[in-house]
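Data first, discussion second: the structure below is written as structure tokens.
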Amino acid sequence: MSGRSSKLRVIIVGIGGATCSGKTTLAKHLRTILPSSVILHQDDFAPPQELIPMHPVYNVQDWDDPEGAVDWPRMVNALKTIRETGVIPPEHYSHDHLNEQREVPVEQPRVDRWRETFSRVQEEQEKTGERIVWVLVDGFLLYWDQDVIDSLDVRVFLRVPEKVLKQRRHERHGYHTAAQSDPEGALWRDPPNYWEQIVWPAYVKAHTAMLEGEDLDQAKLSGKVKDVVLVEGMEQSIGDMIELVCEKLLDKLQSS
């Protein structure tokens, strides 16, 4: 760019959906495609385990209720910093690498095609003095807090039937969570009936306004959250999901 200073453009992409819906898998595939991209996990904004509230009825820690499961001010501030700087705050720490990592393969020619497309378009943008940074934000409560919603330039929502989610959750070995006493966090395992008593009711609470109808597996988008890209997780392969989302991201990149 022959000495010309570049203008930073940060594009924040929300990838929401229930626990075990495939959000992180999709985000990680997109990270391999998009140049200058990073992932921000909403799970890493949970309060330390010692501060997670107890459920008033079942007397177990409630990691899923939207009001207490996320430190919302901290997440909003992090997104503001990233918007301004294009960098995840240095004090931010992720526990994702401690969790079980399952590989979901995708056709390499499709990945290569999209990687080449985004690289070419971003190189053209950079010639005009614009530097692009992509931030992929995955989260099971991504469309609850309005300040978080407003920070997202692209909004993707993965939907998977409740019975499939429940089976996937039961097959997991646990989740690493923040703990005041240990920077590496603590391992959380669901106690008996946690899905029925805590996880699914919290999901319903968090998404009733976003979706119309009592059956959230079939409900239509209500329009409360604008411009949502709805991805039906059991009707599309991971490759088809990537195709759909990348088309939306390319449109966003090429828009002024």
Side-chain angles (χ1 to χ4, degrees), residues 12 14-25 27-28 31 38-85 87-102 135-152 165-166 168-207:
I12 302 179
I15 304 175
T19 176
C20 302
S21 60
K23 307 177 299 297
T24 304
T25 298
K28 288 180 177 178
R31 184 177 57 186
V38 295
I39 297 179
L40 191 71
H41 303 287
Q42 187 178 48
D43 286 354
D44 293 324
F45 293 94
Q49 184 169 354
E50 297 89 340
L51 300 182
I52 292 294
M54 301 296 289
H55 192 281
V57 176
Y58 300 112
N59 199 35
V60 295
Q61 285 187 302
D62 188 346
W63 288 92
D64 291 81
D65 185 78
E67 295 174 12
V70 175
D71 184 341
W72 294 107
R74 182 162 65 92
M75 183 173 184
V76 170
N77 287 335
L79 288 168
K80 288 180 179 177
T81 298
I82 293 168
R83 172 76 71 189
E84 295 170 357
T85 67
V87 177
I88 293 176
E91 66 274 13
H92 180 75
Y93 181 80
S94 178
H95 297 89
D96 180 69
H97 65 286
L98 300 172
N99 291 320
E100 182 180 6
Q101 308 289 323
R102 294 189 176 184
V135 181
L136 306 163
V137 186
D138 71 342
F140 70 110
L141 295 172
L142 209 53
Y143 301 115
W144 169 264
D145 182 270
Q146 192 61 49
D147 288 334
V148 171
I149 294 170
D150 291 344
S151 74
L152 305 175
L165 297 169
K166 179 179 178 181
R168 291 179 180 177
R169 176 89 175 204
H170 286 175
E171 291 173 355
R172 286 198 171 177
H173 298 131
Y175 295 84
H176 282 270
T177 63
Q180 290 177 324
S181 57
D182 185 353
E184 286 295 294
L187 182 65
W188 165 264
R189 297 182 188 275
D190 290 348
N193 302 313
Y194 196 75
W195 178 269
E196 296 81 3
Q197 295 174 347
I198 307 293
V199 177
W200 187 249
Y203 172 80
V204 172
K205 174 181 177 179
H207 294 87

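Model, not experiment: these values are computed from the prediction.
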Could you pull out all residues at least two apart from [X] that satisfy side-chain contact (heavy atoms from CB on, under 4.5 Å)?
{"X": "Ile52", "value": "Pro47, Gln61, Trp63"}
{"X": "Val87", "value": "Thr85"}
{"X": "Glu196", "value": "Lys166, Asn193"}

Quick one: pull up [atom1] in [X] and [atom2] in [Y] and give me the separation to the nearest 0.5 Å.
{"X": "Thr24", "Y": "Ile39", "atom1": "OG1", "atom2": "CD1", "result": "7.0 Å"}
{"X": "Leu79", "Y": "Ile12", "atom1": "CG", "atom2": "CD1", "result": "5.5 Å"}
{"X": "Asp44", "Y": "Arg74", "atom1": "CG", "atom2": "CZ", "result": "8.0 Å"}
{"X": "Met75", "Y": "Asn77", "atom1": "CE", "atom2": "CG", "result": "11.5 Å"}
{"X": "His41", "Y": "Asp138", "atom1": "NE2", "atom2": "CG", "result": "5.5 Å"}

Test your reading of the model: is there a side-chain donor-acceptor pair from Gln42 to the backbone of Phe140, 3.5 Å cut-off? yes

Does [X] have any side chain to side chain donor-acceptor pair (under 3.5 Å) partners at least two apart in sequence or in another chain, and if so, which?
{"X": "Gln146", "value": "Asp150"}
{"X": "Ser151", "value": "none"}
{"X": "Trp72", "value": "none"}

For a quick test of reading the model, state the closest non-hydrogen atom pair linking [X] to [Y] and the distance between them.
{"X": "Trp144", "Y": "Ala206", "value": "CE3-CA, 3.7 Å"}
{"X": "Arg31", "Y": "Leu136", "value": "N-CD1, 3.7 Å"}
{"X": "Lys23", "Y": "Cys20", "value": "NZ-N, 4.2 Å"}

Could you tell me which residues satisfy salt bridge (Lys or Arg N to Asp or Glu O under 4.0 Å) with Asp145, sequence neighbours excluded, listed by chain and number? none

Name all residues meeting the salt bridge (Lys or Arg N to Asp or Glu O under 4.0 Å) criterion together with Lys205; count only those two or more places apart in sequence or in a different chain, and write none if there are none.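 Salt bridge (Lys or Arg N to Asp or Glu O under 4.0 Å) check on Lys205 returns Asp65, Glu67.
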
Can you pull the salt bridge (charged side-chain N to carboxylate O under 4.0 Å, His left out) pairs that have at least one residue in residues 51-64, sequence neighbours excluded?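 Counting only pairs at least two positions apart or across chains, no salt bridge (charged side-chain N to carboxylate O under 4.0 Å, His left out) contact touches residues 51-64.
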
Report yes if some heavy atom in the side chain of Leu152 is under 4.5 Å from a heavy atom in the side chain of Leu142; otherwise report no. yes

With a 4.5 Å cut-off on side-chain heavy atoms, are Phe45 and Leu141 touching?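 No - every pair of side-chain heavy atoms lies 4.5 Å or more apart.
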
Residues that Tyr203 engages under ring pair (Phe, Tyr, Trp, His ring centres under 6.0 Å), provided they are two or more places apart: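 Trp200, His207.
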
